[in-house]
Each structure stands twice: as C-alpha cells, then as structure tokens.
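Structure record follows, encoded as structure tokens.
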Amino acid sequence: MVDDKKSGIGARRVLERTFAVIALLAGAGMALPGAYLLTLGGSAYYLAAGVLLVVSAVELWRGRARGAWLFLLVWLGTLGWALWEAGLDGWALLPRLGLLTGMGIVLALIRWRPGARTARIAATATAAAALLASIGLVLTGSHGNASLPLAASTAAGVADGEWHHIGRTVGADRFSPLDQITPANVAKLQVAWTAHLGMPPKGLAGTIEATPLMVGDTLYTCNMNNAVIAIDPDSGKTRWTFDPKLNVDGLKMTQCRGVTYHRQPGVSGPCAERIILTTYDNRLFALDAHDGQRCRDFGNNGEVSLLDGMGDVPKGYYYQTSPAALVRDKLIVGGCVLDGQAVNEPSGVIRAFDAVTGKLAWAWDMGRPDRQGLPPAGETYTRGTPNAWPPISGDDRLGLAFVPLGNPTPDYVMSHRTPEMRRYGSSVVALDVETGKERWHYQTTHLDVWDYDLPAPASLVDFPTARGLRPALIQPTKRGQFFVLDRETGRPLVETVERAVPQGAAPGESLSPTQPYPVGMPSLAGPRLSEARMWGITPFDQIWCRIRFRQARYDGEFTPVGTDKPSIIFPGMWGGSTWSGISIDPERRIMVANVNHFPMYNRLVRRADADPKEYQQFVAGRVAINSSRWSQTGTPYAAKVEPFMSPLKIPCSQPPYSEIAAIDLGKRAMMWRHPVGRARNTGPFNIATGVPFVVGTPTLGGSMVTRSGLVFIAATQEPAFRAYDLRTGKLVWETRLPTTGHGNPMTYRSPRSGRQFVLIPASGHPRFLNKASDQLIAYALPE
C-alpha cells in the first residue's frame, strides 16, 4: 500500500521541477536577448529579470523554498518596473505582467500548504496585478460633455430624408438632418431587411465600400463586381441591376465606393434622372435611374472610356475606385495609380465630363496646364504625375472641385520627380469646374517620400473665425493632422506653422527641411514612439520588438528612409485617416474623425543590391503585386516596405491601433477621444482570441452623424456596428455584423412608411483576412 502523504509529496516535486524547467526556459528567453538589447542601449530589465528567473529555477529544481521567494522578488520588481514604464494602461501592463503573474499563480498552487505564507503572499500579489490590469483595460479614453447650440445647416438641394452623394452632399459632410433615431431610443434598433448584392467570381477578392444613395423612393449602390443595383428602401428587394461586365483578367481584387446621381432640371422622360458609374476597368457609364438602361445620348451608347489620352496602361496600373464628383453638371474623375512600381506610370490627370453628353469638358494635367483637351495624336497626358484616388468633393456656389492628390510614383524616392510633381504631390487642389484651371493649391507634405497621399476627400463647413464664418474645407491626412483652409483662397484658417524635421536623405535624394503643421487644430497623430511603447502578447515578442526598435532609425515624424538601417515611419501609410474621411455636424460645428495608428518598418535598397527576383515589377497575370517589396524601376533604389509587426503578426506598437474622436470646431478643442473596436476578433496570427476588452482595432471605413446627436460607425476589424452619443462619446448602441463592414454608413427616411433606416454593408475585407460576404443591412426602430 502506497503512503498517501509520500505520494502527494512526490507529485508535488514532479510539478515543481516541471515548473522549474519552464522558469529556466523563460529566464533564458529573457536574459539572452536582454543582453543584446542592453548592447543596443535598451532596457536592462530583461537581462536582470531573466538571470534572476534562471537562479529561481535552479533553486526550485533543488526543492528550496528560496526559489519561490526569489520568483516573488522578480514578480514584485517587474510590477514596479511595469508601473514606472507604463502606468495603469492595462494593455501596456499585459505583456509585462501577464506571463509572470500566470506562472506565479501556478507556483503558489504547487507550493500551497494550509496556512502557508508563501501562497498567501503570491495570491495577494496576483490579485493586485489583476486589479491593476483590469483598471487599465477599462480606461478606454476620456469622455467629455458638450451642449452646443444648433446653427443652420449648409446642405442645399438634398431633401432631409435623402442622400444624393456618397458624402450625402457634394461637400462630403456625411451629416443627416434626420432625428427619428436618437440617443434615447437607438438601443431599440433592429434589422429591418438584408439585401445580398452579389459575390465576385471565384478567385477574385473584393469588398463593398459603397455608400448607397437615396433619391426619391429608391436606393442606388454598387457591388464588388461594379454592378449597379437599385433597391426598394422599405423591403430591400432589387428593382433593377446593371452589370458592366467588368474585365478582371489577371486581377486579384476589385472594389466600388459608390455611384453618382444626376438630374437634368426641367427635363422629363428617359435619362432625365441618371446614375453614373465609374468602373474598376476604367469606364464611365450613364444609366436611367428608373430602369437601369443605358443613356444612349451619353458617350458611345451610354459609355465613355477613361483610357483615352492615357497612352500605355498596363493591366492593373490604373483603375477607378471612387465615384465621379458632380459639380455644376460636370462629372469630375480622378483615378488610382498603382504604387511603387516604376517611373513613367500612367498619368494622374483630373478630368471633367459633361453629365448629359459624356463629352470631355476639360482635363487638368499638371505637366501641361495650358492644355485642357485630349493630347494630340501620338502624345499622352503627362505620365507619372500625382493621382487622386479618394473621392473628390466640391462647392457648387463657388464652382470649385477640391482634389486630394497623392504623391508621384515611385513613392519613396524623389530624384526622378519633375518640378510639377514636387509642387503638387500630397496637395489639395481647387479646380474651376467651368475651365479646369487651378484656382489654388495647398501642400500638406513637402517632397513626400513617406507615401503620405491625401487619403480622403476634403469636407466642407462654414468655419467660425474671429471675423465670422468663412467657407472652409477640412482636409484629413495620413499624418493624423487636419488642415483647415479657406475654400475661396486656400489660405489656412487656423494657425499653421512650418516645423523643422529630421534630415539625412539617401545619396542622391533630397528632403524638405520643414513640414507644415496645423497647430490651431487638435491632432490625432498618436504619441511619439519609444522603446517603452513597444508591445507584444508576451515578454518574448515584446523584447523582439524592442530590439527591432533599437536596430532602426526613429527620429519621430518624418524620419528619413535610408539604406544603412530600417526606418520606423509613424504615422505610417496606413495611419491617420483613410479614404472614408471625416463627418461634420454643420449645425453644432463638430467634426468626427476615426484614425489608425500603425507604424511601418521601411528601408531603401540600392539597385545593385536589390535581388531582381525579390523586387519584381508587377505584371498582371504573371507577376503578383508584392506589397512589401517595391521595385521602383527606373530609380536608384528599390524599397522594402513592411508593417512593424512581431513574429506573432501583432503590431509592435502599443494599442490602441485606432481611435474615434469629436472636435469642437468653434473652440478648436477635443470633446472626446477613445479607442474603437474590441480585441475579440484579433490575436496572434490573426486568430480570434474572444477577448472583449476595447483595444482599438485597425479601421477601414468611416462615420456618419445625425441631427439627433448620433455617430454611427462600423469600420473595425471586429464585425460590429456602433452608435456613439455625439456630445459625450458614450457608446449607446452596438450590434454584431455577419462580417466586418467597410463602407460609410448612411441613413434615409422612407417616403412611404416614414421610417428612418440606417444602412451598412457587411462584406469583410481581404486585408483583414476575414469572412467574405455581400450583405447590405438596414436597421430601423420597431414599427
């Protein structure tokens, strides 16, 4: 018969020795890279804690109680260090305390004796750590409170219950005057109907980014195949569909951000009202709004080619993602040019077409500003110029289109750029819609070699100044800065200064000594990075990120990209605002913005050192796009462009990775600001963790505001749709979506039922590697 007491002691020794082995491995995993980190000028904590863990493991293997006491000492030291470095931020405390706290609990259970002091101390310490972490995790941001008077809305020509442009107005404020759904009753919202818009062909990825239009008694939208769909607003049933038969040979992804509505005043009959479609394969269609038939008087049988005058356009190098902007009966069209491939890529020309006939009204070609028509035979629009891929906004009263330009390709080098490219890159340009002539332009990043394209439309608002209201535009940027410009003159309406920025360009390259900062507006650029702000799930991936941080160059914003070592670019090209832009309540004069915080880890590679197999130029159907290896053919340098992530495929920077905020435009002050999106659908290797805490997940998509004081947004990597109280930032409604939603929400009132509906597409996104769907979902209050 076995002695139960001896059996228990033997089992405990096995567990203790097993724990000792784990502690030894953990200690070595911290001490060895910790020693290297120290040689790079980094924190000494990992080396010290790792060595002590190894000693603790040896003592525990020998069965000595001092091993447990030494482990407790390491834990207490880690607690003090963690609080010193990170404060009460729960996400920052997690990698510092999580592993050791869990190990401490196990050790306490292994060594537990009734009344044992070691176990009591360990349990108390563990509870304290858990309390600290939970306090930090629930602190998701500061909420303000505001009770602001209403001013007159600047929207004109759009009935309260309708939505005529993707930004509701051509000024892109994304504001609805409807107030049936309020902060008091929004929690009662329920699904009213769901429409399936159609999936792309097998092998082709896509996402629904379209904001539907509501005109009269019909909704109009487009799907991933660029088909236009007319929908009954009460039932979600399809009324008609137009399929442009998109040519997707050799492509892997398509998208469509919406359609355009035009009406001929005083005209009735077929095509008096029409829907305009720009397609991914560069065609412009005009369709009868009532039956979807082609408008025969528009172009060639209702169709215009957007490749005229463009010259050689390799497949996949030029495409349309945003709808045409309608200003004074002109359809203003930009285009997306593939990043980072070569010099002499297709032109970024901006063109206007007559909304009735489809004839080219003018072209603004920055390389030939004297020529407004098609290039002569044998010539093309100036190649390689900055392009406008986001939506374009406009002002009918002033007769201006506001064009958000990117930078010339290739993106990370300057030496090949002409004076025009240098002058207009990353600028917002005001074009006269009657003549196509430039009225003014304003550059938001000088000599841009960080891929700081203007990613979003300018939104219009009557802006309060010391001299009264001025017609203004607010231009969001990837930098998380918001430029406020007089839309008549282009002059800043808030204090804007030039600040010195880091220097040290690669050989043969040049940098601007200063960059513009709109210091008179709150910034959403995110905090400056540091080693202490490097993150991970465990101490091991955190120390990996710390080492990578120390190995790179980082001098804050506008760190130059060189050849000798990687550079950390923060905000990165996926940072700040995205194509979805901002929302503005023109009555309370509140701006709502959602931004991403996502650093990049970039490096230039000398042409002689760039393996031609690794840095291949994209060729549709033969050479796939490599999003991290840019060939930049025709320049002295290729570019290695990567998100700054750990081996677990988690960002190396500390959360949050996105925020939503409201800014009082009158006071030019932050009203509230906090992360948006929970961590439950994210985790190592993109595996959902189910953790319900707010982390601020990356966002693709934007918001909408209503007169009743609500902010609606989906956009996050979490499949959720939310409403916030505009005045306080309080989350007042949240529902799960079948997959993530990446279009801007919109709202309308049915002319038949009088009900207010809120729409959001749920399609997923290839970048998020999540479930694909084709759903458009409408929510309403119960009848």
Side-chain angles (χ1 to χ4, degrees), residues 250 252-253 312-318 336-348 383-387 389 406-418 421-422 425-426 445 447-453 478 502-512 548 551-555 558-575 598-645 652 767:
K252 296 296 183 183
M253 179 179 172
D312 179 38
V313 179
K315 187 73 173 177
Y317 274 71
Y318 183 74
C336 190
V337 177
L338 188 63
D339 279 345
Q341 300 304 306
V343 300
N344 207 39
E345 289 194 41
S347 176
R383 298 182 70 85
T385 52
N387 59 296
W389 54 267
N407 55 4
T409 60
D411 303 71
Y412 289 91
V413 284
M414 180 62 58
S415 56
H416 69 291
R417 298 181 186 175
T418 64
M421 294 178 186
R422 297 180 183 218
S426 299
T445 300
L447 303 185
D448 181 4
V449 288
W450 299 272
D451 196 12
Y452 283 155
D453 293 358
K478 289 184 180 181
Q503 296 297 293
E509 292 297 308
S510 57
L511 296 170
S512 173
R548 294 274 282 173
Q551 289 174 330
R553 178 179 180 181
Y554 178 69
D555 300 327
F558 295 106
T559 297
V561 182
T563 59
D564 57 336
K565 62 169 64 176
S567 292
I568 296 173
I569 309 302
F570 183 75
M573 68 176 185
W574 294 336
F598 208 95
M600 302 297 292
Y601 204 79
N602 297 348
R603 187 173 189 168
L604 294 179
V605 181
R606 294 178 180 87
R607 184 62 58 193
D609 300 327
D611 184 341
K613 293 182 179 179
E614 186 178 4
Y615 292 90
Q616 292 189 74
Q617 188 175 329
F618 166 72
V619 179
R622 187 166 62 84
V623 178
I625 295 175
N626 189 331
S627 60
S628 64
R629 301 291 187 273
W630 290 8
S631 62
Q632 302 202 134
T633 302
T635 75
Y637 302 99
K640 189 176 183 179
V641 181
E642 299 176 314
F644 188 16
M645 302 181 78
C652 276
R767 186 176 293 175

With sequence neighbours excluded, what pairs up with F644 under the ring pair (Phe, Tyr, Trp, His ring centres under 6.0 Å) test?
Y601
With R422, which residues qualify under side-chain contact (heavy atoms from CB on, under 4.5 Å), at least two apart?
M414, R417, L447, S510
4.5 Å side-chain heavy-atom contact, I568 and T559
no
With R767 via side chain to side chain donor-acceptor pair (under 3.5 Å) - residues at least two apart
none
Listed by chain and number, what are the side chain to side chain donor-acceptor pair (under 3.5 Å) partners of N407, not counting sequence neighbours?
D448
First locate atom SG of C336, then atom OH of Y318, and finally report the distance between them rounded to the nearest 0.5 Å.
9.5 Å
If you define the side chain from C-beta out and look only at heavy atoms, does anything of P560 sit under 4.5 Å from Q503?
no
W574 versus P643: any side-chain heavy-atom pair under 4.5 Å?
yes
Going by the rule salt bridge (Lys or Arg N to Asp or Glu O under 4.0 Å), which residues pair with D339 if we only count those two or more places apart in sequence or in a different chain?
none
Not counting sequence neighbours, which residues clear side chain to side chain donor-acceptor pair (under 3.5 Å) with S627? List them please.
none
Which pairs pass salt bridge (charged side-chain N to carboxylate O under 4.0 Å, His left out) with one or both residues in residues 607-616, sequence neighbours excluded?
E614-R629
So do the side chains of P566 and K640 get within less than 4.5 Å of each other, counting heavy atoms only?
no
Show me the pairs that pass salt bridge (charged side-chain N to carboxylate O under 4.0 Å, His left out) and involve residues 563-572, at least two apart or across chains.
none
As an exercise, state the distance from OG of S631 to CD of Q341, rounded to the nearest 0.5 Å.
4.5 Å
Euclidean distance, K478 NZ relative to I569 CD1, rounded to 0.5 Å
12.5 Å
Between Y412 and E509, is there a side-chain heavy-atom distance shorter than 4.5 Å?
no
Kindly list each side-chain donor-acceptor pair under 3.5 angstrom involving residues 617-625, sequence neighbours excluded, with atom names and distances?
from, atom 1, to, atom 2, distance (Å)
Q617, OE1, T633, OG1, 3.0
Q617, NE2, Y317, OH, 3.1

Working for side-chain contact (heavy atoms from CB on, under 4.5 Å), residues Q632 and L604
CA-CA 10 Å; Q632 302 202 134; L604 294 179; 4.2 Å; yes
Could you go through the side-chain contact (heavy atoms from CB on, under 4.5 Å) check for V561 and V449 one step at a time?
CA-CA 8 Å; V561 182; V449 288; over 6 Å; no
Looking only at heavy atoms, the pair that brings D312 and P314 closest together is O-CD, 3.7 Å
Identify the residue among V313, V337, N387 that makes a side-chain contact (heavy atoms from CB on, under 4.5 Å) with E345.
V337
Evaluate the criterion side-chain contact (heavy atoms from CB on, under 4.5 Å) for residue pair N602 and M573; output intermediate values, then yes/no.
CA-CA 11 Å; N602 297 348; M573 68 176 185; over 6 Å; no
Is it true that the side chains of T563 and R606 contain a donor and an acceptor less than 3.5 Å apart?
yes
Applying ring pair (Phe, Tyr, Trp, His ring centres under 6.0 Å), name anything that partners F558, two or more places apart in sequence or on another chain.
W450, Y452
Considering non-hydrogen atoms only, spot the tightest contact between P408 and G384 and give its length.
CB-O, 3.4 Å
Residues forming a side chain to side chain donor-acceptor pair (under 3.5 Å) with W389, sequence neighbours excluded
D453
Taking all non-hydrogen atoms of both residues into account, name the closest pair between Y615 and A610 and its distance.
CD1-CB, 3.9 Å
If you take all heavy atoms of H416 and T635, which pair is closest and at what distance?
ND1-CG2, 4.1 Å
Within the structure provided, determine whether S567 and R603 are in side-chain contact (heavy-atom separation under 4.5 Å).
no
For the pair T385 (side chain) and G348 (backbone), establish whether a donor and an acceptor sit closer than 3.5 Å, ignoring hydrogens and angles.
yes
Any idea which heavy atoms bring P636 and S415 closest together, and the distance?
CD-OG, 3.9 Å
